[in-house]
Each structure stands twice: as C-alpha cells, then as structure tokens.
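All remarks here apply to the structure that follows.
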Amino acid sequence: YTRVNAFIATLCLSVIVAGSAWSQEDLRQRFGLTPLPPIPYPVDNQYNPDRVELGRLLFFDPILGGEMDTGCGSCHLPSFGMADGRQLGAGTGSKGLGPDRVLGVSSVTGDTIIAEPRNTMTIFNTAYNKDESNLPSTKGFMLWDGKDRGLEAQALRAIIVRVELRGDSYPREMAVDSVLTRLRNVPDYVQLFNRAFPAEADSVARQIPRLACSWDTAPLESVITRSTLGRAIAAFERELVTDDTPYDRYVAGDDDALTASQKRGLVLFFEKARCANCHNGPEFSEGRFRVQGVEQIGPGQPLASTQTGTPRPSGKDRGRFVTSGNTNELFAFRTVSLRQVTETAPYMHDGALATLEDVIEFYDRGGGDEETIAEEN
C-alpha cells in the first residue's frame, strides 16, 4: 500500500506541475489573440455624446411603438444581456418583461399578436458586425439573416414590423412617418434632436441647402427625419461594447485573468473542438451564414402578412435565402458573436437550445436536428 500511495502521490504532483507550466504558456501568441479594434463609425454618425444620450432615451421609450405599449428596450433588456431570455420574442400587446413576458392582443383591433418568429438578438457588440470582407464594418450584416446592413438601417426595422413595435395602429408603409410625427410634437425631443444634430438644425433654422447631401440638397422642414432617428438609435447601440471581460484582460497581458480551467477551455475552443473555425477573431464571429439544421420551433417566418390580424405562419424559416435568393443559403443563419453569451440564453435563431451545454452537444453530434433539411445540406 505504501508503494502504491507513493506512486499516486508522485503522479498527482506531476500532473499539478505540468498543469501549472501549461497554464503559464502564452496562449495569446499561440492562437494570435488580439484585442477588439476601434469601433467603426459612419462618416455621418461619428461619436457624439448628445446623440448617444438621445438614442438611449428613444431606445427605451414606447413612443416608437405603434400602440405606445412597447419600445426597443421591452425586448432588449440590460438584465438579460440586451436580449430578453425568451425562446421567441414578444412585442406589441405583450405584458411583463424578460422570460415572464406574456403574449397579448392589439389594443386597437383586439386581434391576436403572435410571437416573433425568431429569438431576440443581443444589442451588445453589434458595432463589430462584419460585412463580406469578414471585417467589422459600418455596413455589417444585421439580424439572423443579414437583411439589414448597418445599425442605422436596422434601427428602423422594428418600427414597421407588426409583431415587434408596429401593432395595428397604422399600415406598414405609414409606420416610420407616423412615429416621426409623434416625435415632432414633443418639444423636449425637438430640443434634443436639435442639440444632437446641429447641421440639420441649422438647415431647418436658416432654410439653407444641405450641400453635404448630394442626392437631395433641399433645406429640411424638421430636424427629426428618418435619417436622424436611425442615426440617434444607432449611436446609442454602437457604444454598447463589452471590452473589459476576463478574456480581454488576459489578451491585454494579465496572465491571471483566466483560470487554469478557462485556459484549457480556450485551447479546446481553438483546437480540438474547432469552435474558432466560425467563431473567430476578437469578436468571436466570422459573420458568415451557415446551414446547421437547428430544429425549427415556433411559427417560423410567415408566408404572407396582413396589415391587421394574425399573419399566416409557415412553420419554416428559410433564413438567409429570403434575402439573398441563393438556394445554397436555404436555412442558413448568421454566425453570431459569443461575447456575453452566458447572459443571452436560449440559443440559436429560434431559441431551440436552452443552455450552452445543449449547444455544445448539438455540435458534438453534428447538428442536423431539423428533419426537413436534407442531410447533405
């Protein structure tokens, strides 16, 4: 027994020593780890603290909702990683917040408003969404299927979608203009827009041509326009960057920022598990579209939508194909960033996987849970 115990003790000691030496290896150099780059800003929407603050107020104000009961912040909650903790989003007519939010009906027509077809995406780090070049861009792909390019365009989409913000107060084509009219009738918002957009305010005040706007140089009638509304919301969203995580501190040179266990996970992530094949760079996303065969749950994307009443759901979500028309992108969805990922469960485009363990098991068995997607795809 003495001889056996001595052998075990020696073996354990050798493992501890080896683990200690391994944990001090410079994984930064081994895997080419780099910090997040500077935030990319559009030429017409550079950093402006007044604009950021205006965007914050608009983001959490239900004035953007057709029925005045839902704002962007109803589904993008700081306490849930700027998502909502639900499998599928619940917009206009819903009650409560987070996982406890309950679907409801339109206060205008009394018609049912079903769940959104997809899981609510986080707003964190969307400043770094990538374009075709696989680099962070002001025209990066937004949403699960990349239908919008850049935060400015994406900021206005929820306003026109019935199950998100619009409800039944007005038709889709009147949605944004109706919200602009509301904002123009609020003196405090007029003042805040004037402060955040001085060039546009000057055009309105002096009725001078906008020489910087080559496609329409006519003086503005109001500082509150589609462009300034989109830019204000985008300005707030662009600053929601998480760049001081333990991983970031490790990349910056703090060897103790990650535990030995986390470093072992990092090695698996980049090597045997091959997660970094798609979740790469400091953003942990390649930004491309992949067909993975996630089980389709919920209503899917509707085949047709009415201005009021319940859309006719198809039970399927064709993903990127709807935007691109490329049959190779049937059921393809964007590779999302893994930053703040522990805060944004459940996962995948329809929230089909409840935990990170479920996600890892999904990939470990090769994906393909959705039987309607051909195995070769």
Side-chain angles (χ1 to χ4, degrees), residues 36-56 58-59 64 71-73 75-76 82-83 89 118 120-161 164-165 172 175-177 179-180 193 196-197 199-200 210 212-216 224-243 281-289 319-320 322-326 329 332-337 339-340 349:
L36 282 168
I39 296 173
Y41 290 96
V43 173
D44 65 348
N45 207 14
Q46 297 290 304
Y47 175 73
N48 177 326
D50 291 329
R51 204 170 290 181
V52 172
E53 175 60 14
L54 171 60
R56 184 187 69 82
L58 290 165
F59 189 90
L64 300 187
C72 306
C75 294
H76 298 283
M82 294 305 285
R118 292 174 179 163
T120 301
M121 305 189 83
T122 180
I123 304 295
F124 276 137
N125 304 301
T126 47
Y128 292 109
N129 281 17
K130 297 178 177 180
D131 60 16
E132 297 89 343
S133 69
N134 198 32
L135 294 173
S137 168
T138 60
K139 295 297 183 183
F141 293 112
M142 297 288 151
L143 308 174
W144 286 104
D145 57 8
K147 66 166 60 79
D148 288 328
R149 304 296 299 271
L151 285 168
E152 284 72 18
Q154 188 278 324
L156 300 181
R157 175 166 295 278
I159 294 174
I160 68 174
V161 178
E164 294 187 32
L165 292 183
R172 180 186 180 98
V176 176
D177 287 338
V179 169
L180 294 176
F193 269 91
F197 295 94
E200 287 81 354
R210 294 174 298 149
C213 186
S214 59
W215 60 90
D216 183 6
I224 302 177
T225 66
R226 288 173 179 251
S227 174
T228 56
L229 175 59
R231 281 186 283 160
I233 297 172
F236 166 66
E237 295 177 335
R238 191 167 277 118
E239 302 305 318
L240 297 177
V241 170
T242 58
D243 57 1
E283 309 85 5
F284 291 98
S285 170
E286 62 179 358
R288 296 196 173 104
F289 301 89
R320 177 66 177 164
V322 176
T323 297
S324 71
N326 184 348
E329 293 184 313
F333 295 91
R334 185 167 61 86
T335 301
V336 296
S337 171
R339 284 183 168 270
Q340 306 305 114
H349 76 274

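- Here the CG atom belonging to Leu180 is positioned 7.0 Å from the CZ atom belonging to Arg226, to the nearest 0.5 angstrom.
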Margin query: Would Arg238 and Glu152 count as a salt bridge (charged side-chain N to carboxylate O under 4.0 Å, His left out) here? Give the steps.
Written below: CA-CA 10 Å; Arg238 191 167 277 118; Glu152 284 72 18; 2.9 Å; yes
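- In this structure, the side chains of Phe141 and Asn129 stay at 4.5 Å or more apart for every pair of heavy atoms.
- Not a single donor-acceptor pair under 3.5 Å links the side chain of Tyr41 to the backbone N or O of Ala235.
- Ion pairing between a basic and an acidic side chain is recognised when a charged N comes within 4.0 Å of a carboxylate O; Arg149 and Glu132 show such pairing.
- A donor-acceptor contact closer than 3.5 angstrom links the side chains of Thr242 and Gln340.
- When all heavy atoms of Leu143 and Lys147 are compared, the pair lying nearest together is CD1-CG, 3.6 Å.
- Checked by atom type and distance alone, the side chain of His76 pairs as donor or acceptor with a backbone atom of Met121 at under 3.5 Å.
- Under the 4.5 Å side-chain criterion, counting only non-hydrogen atoms from C-beta, Glu164 is not in contact with Ile159.
- The minimum heavy-atom distance between Val336 and Trp144, with the atom names listed, is CG1-CZ3, 3.6 Å.
- Rounded to the nearest 0.5 Å, atoms CG (Leu151) and CG (Leu156) are 11.5 Å apart.
- The closest donor-acceptor contact from the side chain of Arg334 to the backbone of Gly287 lies at 3.5 Å or more, if one exists at all.
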Item checked: Full working for side chain to side chain contact (heavy atoms under 4.5 Å, CB included) between Thr126 and Gln154 -> CA-CA 11 Å; Thr126 47; Gln154 188 278 324; over 6 Å; no
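- The two residues Asp131 and Lys139 make their nearest non-hydrogen contact at CB-O, 3.9 Å.
- Taking both residues in full, the closest heavy atoms of Ala155 and Ala234 are given as CB-N, 4.5 Å, listed atom of the first, atom of the second, then distance.
- A heavy-atom distance below 4.5 Å is found between the side chains of Pro37 and Pro282.
- Contact check for Arg51 versus Asn45: side-chain heavy atoms found under the 4.5 Å cut-off.
- Side-chain atoms of Ser337 come within 3.5 Å of backbone N or O of Glu283 as a donor-acceptor pair.
- Met82 contributes atom CE, which lies 6.0 Å from atom CD1 of Ile123 (distance to the nearest 0.5 angstrom).
- Residue Pro136 comes nearest to Lys130 through the heavy atom pair N-CG, 3.7 Å, listed as atom of the first residue, atom of the second, then distance.
- No side-chain donor-acceptor contact under 3.5 Å links Arg339 to the backbone of Asn125.
- In this structure, Ser285 contributes its side chain and Thr335 its backbone to a donor-acceptor pair below 3.5 Å.
- A cation-pi arrangement is not found for Arg320 relative to Phe333, the charged atom failing to lie both closer than 6.0 Å to the ring centre and inside a 45° cone about the ring normal.
- When every heavy atom of Ile39 is checked against every heavy atom of Ala127, the shortest pair comes out as CG2-CB, 3.9 Å.
- Side-chain contact of Thr228 with Glu200: a donor-acceptor pair under 3.5 Å is absent, judged by distance alone.
- Between the side chain of Arg231 and the backbone N or O of Asp44 there is at least one donor-acceptor pair closer than 3.5 Å.
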Margin query: Show, in sequence, the C-alpha distance, side-chain angles and deciding distance for Leu54 and Phe197, and conclude whether the side chain to side chain contact (heavy atoms under 4.5 Å, CB included) test is met.
Written below: CA-CA 10 Å; Leu54 171 60; Phe197 295 94; 4.1 Å; yes
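- With a 4.5 Å cut-off on side-chain heavy atoms, Ile233 and Leu64 count as touching.
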